[in-house]
Engineer: 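I'd like to ask you about the structure that follows.
Atoms within each ligand, like the ligands themselves, are counted from 1 in listed order.
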Amino acid sequence: MTGSTDQVNALLPEKITKICCIGAGYVGGPTCTVLAQQCPDLVVTIVDVNPQRIAAWNSENLSELPVFEPGLSSIVGECRGRNLFFTTEIDRAIDEAQIVFVSVNTPTKTSGIGSGFAADLRYVEASTRRIASIASTPKIIVEKSTVPCRTAATMRAILEANSKPGISFQILSNPEFLSEGTAVQDLLNPDRVLIGSLATEQGNRAAELLSEVYERWVPKDRVLRTGLWSSELTKLKAANALLAQRISSINAISAICEATGANVDEVAHACGVDRRIGPHFLRASVGFGGSCFQKDILNLVYLSGSLNLPEVAEYWRQVIVMNEFSKARFAKKVVQTLFNTVTAKRLALLGFAFKKDTGDTRESPAITLCRHFRQEGAHIAIYDPKVPHSQILMDLTEPGVADDRKNIEESITICSNIQEACRDAEAVVIATDWDEFCAIDWHDIYQIMRKPAVVFDGRRVVDPRQLREIGFRVHAVGIGPELQDNVWV
Ligand code: NAD
Ligand code: UGA
């Protein structure tokens, strides 16, 4: 549709002064906090249906924010109450804003069509209905959540069917690429900001208005403009699938390294210096975790199946299969090394978060490891510097299993430091790459463990040779038996 500049502008907000973000989670919280810091003249209001979460964002004590990210609390402290607000007054914040970010969760469906694979869009739909029923002025609605391709069309249908007469909406896709643990740096200095819009005059103008907000701190050439569907598809699924595929690929190589005596770090480095491959995201591990990789790939598998592309679906499903294999292989190695039984043995599990510098445990490999060890009857002493004890207990409770909480309390001890977890343990299992674990005094730890003391490094944070010199037996992912005294064995 074409029209005069005046007609186009009449359908859009005149000036951006207020931004509302629906969803105060791992994305909405940090993203809009950084936005408020970089745009002190804009009022940014983050809303959520969860009053506890909002109360935690408003905590006097900045160490009690609901999301831990290095550098985040000081920015919240700087902006909160100035031009950054956290509230449950959703309707007011929506109506006052010209731009509304939708940053709600999009988990995997657990029942009905596509159960276990497709995205559950109920929260996106509920937010859209609320915007439609509340808005009394034109708005730009921004998809920040990771959503399946063409979700914007669903949102548009809901908005058109439910809005007040004469109120117009422009929908933009602006997916978020931050990684937990480095969110603040990723937001301050992003590789790219992607904005997808319809190729109409209003669509383009809306994208320009959003771009102008980002250009206050992001160089213009890093703001990429695409069509709506390309932007949606880039995030869900292409970018995350390609990233997760690299980890499963290097983890598949790591299994071969262990069997042959090669060293996966050397192989990854030698491959990564090829500029066509690149050095990032080639760290072998016990397996990837986090709220997005598995969910997004399952969604890609579902999409491919729906499009009658079974080979494509199978190709991407293997990334998940390899990840499950990596976790199970590591757990099996622990049991085999400890003389084929861990029953009643104390295992120190260092790290419970899915990666360092976050308290997030969603899909954490540590949870899978605990399930394996508990099935074998081990006693697990867990230490993580950031994950609350209550969260660990919740993650390990199997819903529907009678007396599970009691069993957990008998088979798990949650510890407040590394020494406490390792005391009298037969083995240390490193499940998260926290910096603190790179600086452990292993001489001390050796003294307080049972012998033979074994270290299983699922994150490549220890130097196996140094530990062997102390007396430990060591298994590190991707590191095979070494050549001894230059003898070929
Ligand atoms: P989250 O679960 O931490 O936060 C979502 C928040 O939305 C929750 O606090 C929930 O209460 C709130 N919410 C749900 N429905 C609501 C409604 N109708 N009104 C108001 N609030 C509502 O999720 P997250 O990790 O922030 O992820 C959000 C989206 O961003 C997902 O689509 C995810 O795939 C995507 N994403 C996540 C990351 C990440 O690192 N976590 C990175 C990039 C993209
Ligand atoms: C990932 C993407 O990196 C982000 O770009 C994206 O925005 C986000 O998903 C999302 O859509 O939610 P995140 O899951 O926060 O971010 O963290 P990553 O750094 O990607 O790590 C994911 C998992 O892979 C972690 O368990 C990590 O330890 C593991 N990993 C990562 C490896 O095992 N090896 C590597 O080389 C890199």
Engineer: Provide, to 0.1 Å, the distance between atom 8 (C) of ligand 2 and the closest protein heavy atom, together with that atom's residue and name.
Structural biologist: Leu178 O, 3.5 Å
Engineer: Any nitrogen or oxygen of Asp433 lying under 3.5 Å from a nitrogen or oxygen in ligand 2? Just yes or no.
Structural biologist: no
Engineer: Report yes or no: does Arg362 have a heavy atom closer than 4.0 Å to ligand 1?
Structural biologist: yes
Engineer: Atom 34 (N) of ligand 2: which of Arg246, Arg283, Glu176 has the nearest heavy atom?
Structural biologist: Arg283
Engineer: Under 3.5 Å, N or O to N or O, is Asn240 touching ligand 2 that way?
Structural biologist: yes
Engineer: Distance to 0.1 Å, residue and atom name: give those for the protein heavy atom nearest to atom 1 (C) of ligand 2.
Structural biologist: Phe293 CE2, 3.5 Å
Engineer: Quick test: of every protein heavy atom, which one is nearest to atom 31 (C) of ligand 2, and how far off is it to 0.1 Å?
Structural biologist: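 Checked against all protein heavy atoms, atom 31 (C) of ligand 2 sits closest to Ile247 CD1, 3.5 Å.
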Engineer: Test your reading of the structure: does Phe288 have an N or O sitting under 3.5 Å from an N or O of ligand 2?
Structural biologist: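 No, there is no polar N/O contact under 3.5 Å.
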Engineer: Looking at Arg460 and Asp265, does any basic side-chain N land under 4.0 Å from a carboxylate oxygen?
Structural biologist: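 A salt bridge links Arg460 with Asp265.
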Engineer: Heavy atoms only, cut-off 4.0 Å: how does Lys235 contact ligand 1, side chain, backbone, both, or neither?
Structural biologist: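 Near ligand 1, Lys235 shows its side chain, while the N, CA, C and O stay back.
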Engineer: Going by the closest heavy atom to atom 17 (O) of ligand 2, which one wins out of Lys356, Lys355, Lys295?
Structural biologist: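 That would be Lys355.
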Engineer: So which heavy atom in the protein is nearest atom 3 (O) of ligand 2, and how far is it from that ligand atom?
Structural biologist: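 Of the protein heavy atoms, Ser179 OG, 3.1 Å lies nearest.
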Engineer: Given Arg459, Glu180, Lys235, which has its nearest heavy atom closest to atom 11 (O) of ligand 2?
Structural biologist: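 Selected option, by shortest heavy-atom distance: Lys235.
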Engineer: Please work out whether any backbone atom (N, CA, C, O) or any side-chain heavy atom from C-beta onward of Ser145 is under 4.0 Å from ligand 1, and answer side chain, backbone, both or neither.
Structural biologist: both
Engineer: For ligand 2, which is the ligand I care about here, please tell me if Pro365 has any N or O atom under 3.5 Å from one of the ligand's N or O atoms.
Structural biologist: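 Looking only at distances, the answer is no, because the N/O contact criterion of under 3.5 Å is not met.
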Engineer: Got an N/O contact under 3.5 Å between Asn50 and ligand 1?
Structural biologist: no
Engineer: Where is the nearest protein heavy atom to atom 14 (O) of ligand 2: which residue, which atom, and how far?
Structural biologist: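 Here the closest protein heavy atom is Phe354 CE1, 3.6 Å.
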Engineer: For atom 23 (C) of ligand 2, which protein heavy atom lies nearest, and how many Å away is it?
Structural biologist: Gly289 O, 3.5 Å
Engineer: Got the closest protein heavy atom to atom 5 (O) of ligand 2, with its distance?
Structural biologist: Phe177 O, 2.8 Å
